[in-house]
Amino acid sequence: MAVESSPAEMPTQYEPAAAERRLYGWWVERGFFHARARTDRVPFCIVLPPPNVTGRLHIGHALDHTIQDVLTRRARMQGFETLWLPGTDHAGIATQVVVERQLAKEGIDRRELGREAFLERVWRWKEQYGGEIVEQMKALGDSCDWERLRFTMDEGLSRAVRVAFVRMYEDGLVYRGERLVNWCPTDQTALSDSEVEHEEVEGELVTFRYPLSDGSGDVAVATTRLETMLGDTGIAVHPDDERYRDALGKRVRHPFDGRELPIVADPAVDPAFGTGAVKVTPAHDPTDFDIAERTGLELMNILRADATMADVVPEEFRGLDRYSARTRVHERLKELGLLVKEERPYPHAVGHCYRCHSEIEPWLSGKQWFVAVERLKEPARMAAKEGRVRFIPDRWARNYDEWLEGLRDWNISRQLWWGHRIPVWYCPGGHEFAAVQDPEACPQCGQADIEQDPDVLDTWFSSQLWPFSTLGWPDETEDLATFYPTTVLVTGYEILYLWVARMIMSGLYLLGDVPFRNVLIHGLVRDARGRKMSKSLGNVIDPLGMIERYGADALRYALARMASPDQQNLPLSEEGIEAGRNFANKVWNAARLILRVYRGGVPELPPPERLAAAQKWLLSRYHGCVADVSGALDAGDISEAAVGLHRFIWSEFCDWGLEMEKGRLYEGTERERSDAANVLAWVLERTLRLLHPIMPFVTEEIWQRLRVGESIVLASWPEVGELEEWAPRFAEETELPFVFAQELVTEVRRFRGDHGVPPKSTIELRIAERAPGRRGLVGPFETEIRRLAGLSSISFVEKGFAGSGYARLLVQGDPVLIPVGDLFDLRAETTRLREALETARAEEARAEAKLGNEAFLAKAPPEVVLKERQKLERLEHETSSLREQLEQLEAAGS
RNA sequence: GGGCGCUUAGCUCAGCGGGAGAGCGCUGCCCUUACAAGGCAGAGGUCGAUGGUUCGAAUCCAUCAGCGCCCACCA
């Protein structure tokens, strides 16, 4: 799809919308993003953290995807066999809840519908909305291999889940047990520890008394969840607590149902806290559960699945929800005079459901499935310690390690319907077995009326297999052989434990190797759910709206610019995206200029002896840019790369590089024009390639107009070594003269501005040579200086030159004289020079003091001392010049 | 309760041992044939506080203050 339009047809403003759609479709059609498993190239692979199938792309995805696409596109240009594998997650709870809500609007409860009909509804929902996020990824420009698109409930991935489960089951790593679980009363399912978010709430701590049943007094206990006292089955004190020595073995009487609760001793009780006595509610508190196990206290489950009071509690509380029950218990204790103390507010952390945000109840929900993590965690810790998995930034490695160290068994059964059903069957004969294929009968006793476990697996159970299940595991596919372990995983830190750590454990266990060699962890964009952050920027930023308005490149640039690995919070504003849009437009217009003078084809650099100093300068700056960008990307610092490109393109290439070529381009000889055009096109073409991973569309759009190849997607990544031979020489040759030229031009422009001298009136400039060699400094850039500063001529005068009617500027200590005639008011300039003299003198004094310091001379490295000497020399030169100028001015003015 | 991070220009952040930087915002001038989504010039900071190490500290160390995040079964 070579672009046929000529430069003249390039509008003055870049228009992203049409270009993006056209280019993306063409890229996919040409198969540029498709990776081959049979390859001689070195593989590079990223698997996309699968977004929820029914989700919409939010700004957090946009960031995550931008980083991945930058790495992917660059790897492709570097010649790797590059695979970015996309896919979506069925997101068990999240999706089920959405569909349930949908049904609720129609007045239907999922239980009425039945499991199969309900699942049909979910699948229909998935078909309807499941593709949306894929389309949105395309709008962003994600260069995924769409031929490999996966979904966690695909046939292949479902089989991977079963194989993994069965293998772990048979290996004793998956077991079934009855323990307290984190129960969400709203979603009515168990959750793993990782799915519980602890948050501070302003609670209350209520202390009340249990009367001893022998009438010899009472025992005070405290709680933040007063309603749980209905399920108390004992009181515990520390075994060594003197205060309760006599109470041990006695009983207290429950004030509402008269049950007698034993007082037991357990070391888990902290005698220093509160009264030193703890009410024990084994069925509703993990610590209490453990105490009960050790001391033999009974379990009393007082909650129903929806967190209302069960029938075991006294009638007056029955059916109340937990909060009403709390109030009611409070009232009744007060009536009975058993309340001792109320502390309110009493801030403490309470677990909340990560999906619906209800308060979690520790609850006995019958038997649940668990993964025993003891044997999994050590290999995973070792892999990080030995560097087989590298975290970027590496401080996450420590968090990872400590999390694994404290990890407890993982509850994987969910009381949901949407998900991978647990592949375990039970037969009336009491046998239990796991199978990859649906069995017809019990393998032990042959009975046919077997029943499958009703629960489904935690979504993260399938997610943990993602880096290899997507590549074909458990089959030994070519994809798996080529691309596993993958190169890098890119993700936010919020799912480091939920997901990343588990992939490492399962990859090591099931395949014997880590799933990825690097984990690039980025910060969080202030997100769409309006989550905290006191300094909220206000409204949610919708990536798609931004793409429509400013273009995908603009959004990508804004995100890339923030994506520094060290940053945890990545604030994004619409102004930032606007800046991205402006940048794209800047590149576009630089290209417009060049395309007016460059005919297309592969640019060729003129031989070095034909290069103007300005061209050598530009080439050496370009060389620095390649090194910076490559270095930044190697270190995973997308931000650094984006900022470096912006600086080079805008402040160096456009502001000076292009401006300095205009003379040759518009007024030069035929050869000068052609050489200048080639140099500019050469730098532009390579710069586009450097920028392409971040801003794929505008770079392709321009690159094709340069007619250097089919697509920039397949172009090679610019070599740092390309100018290795010349760049240092160019830099050395041009650096000092360029800085002088730049300062001179700026000073003259400032002078024009301050005194209203219009750009069109040319100036005959004189430079008083104070030091030898100034002519040599001006020479290489003389024509450029004249053009940019609007000078008709530059001449040199002796240093004592004392003509009147001149304004006197100072450039690097050299007096620069601008003829201004008799009517010109020089007072402003005089003031300016005075101020300049003052600062220069202050700096001079500082340098003198430093060089007069013996310790400095003795201990500072020689190059620092040398630098300081040069600085002092320069300042001396400058102050004496300034004094002289002032004298001249005063003489002329008087 | 444990751990991590942040505090630099009005805003958002780079710099992490040797002369305070960027983007946006602000001020002035300019529709100069690449770009007004632009050009040119400019204003603006005792680098959170205190103490220490050092010839030299925004940069290293300690303490403190404020902010944020992660982890955590103290009623």
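No hydrogens, no waters, no symmetry mates; every other heavy atom, side chains included, goes into these values. Protein chains get the first letters and strands the later ones, always in sequence-line order, with residue 1 at the start of each.
A donor and an acceptor atom, one from each side chain of A:Tyr550 and A:Glu574, are located under 3.5 Å apart. A:Tyr354 and A:Glu195 share a donor-acceptor pair across their side chains, judged by distance under 3.5 Å alone.
Nucleotides B:A14 and B:C70, compared at atom C1', are 25 Å apart to the nearest Å. Distance noted for atom C1' between B:A65 and B:G51: 15 Å (whole Å).
Across the strands present, B:A57 finds no partner; the criterion is a Watson-Crick or G-U wobble pair with both atom distances under 3.5 angstrom. Pair assignment for B:G68 gives B:C4, based on Watson-Crick or G-U wobble hydrogen-bonding distances that are each under 3.5 Å. With a cut-off of 3.5 Å on both Watson-Crick or G-U wobble distances, the partner of B:U32 is given as none. Base pairing annotation: B:G44 forms no Watson-Crick or G-U wobble pair, as no partner gives both donor-acceptor distances under 3.5 Å. Of all nucleotides present, none satisfies the Watson-Crick or G-U wobble test against B:A9 with each distance under 3.5 Å. Using N1 to N3 plus N6-O4 or O6-N4 for Watson-Crick, or N1-O2 and O6-N3 for G-U wobble, each under 3.5 Å, B:A75 pairs with nothing.
Closest contact between the side chain of A:Arg592 and the listed nucleotides B:A75, B:C73, B:A34 involves B:A34.
One cannot find a donor-acceptor pair under 3.5 Å joining the base of B:G19 and the side-chain atoms of A:Glu868.
Heavy atoms of other residues, nucleotides or ligands lying less than 6.0 angstrom from CZ of A:Arg599 number 12 at most.
Salt-bridge check for A:Glu659 with A:Lys662: passed, with a basic side-chain N closer than 4.0 Å to an acidic carboxylate O.
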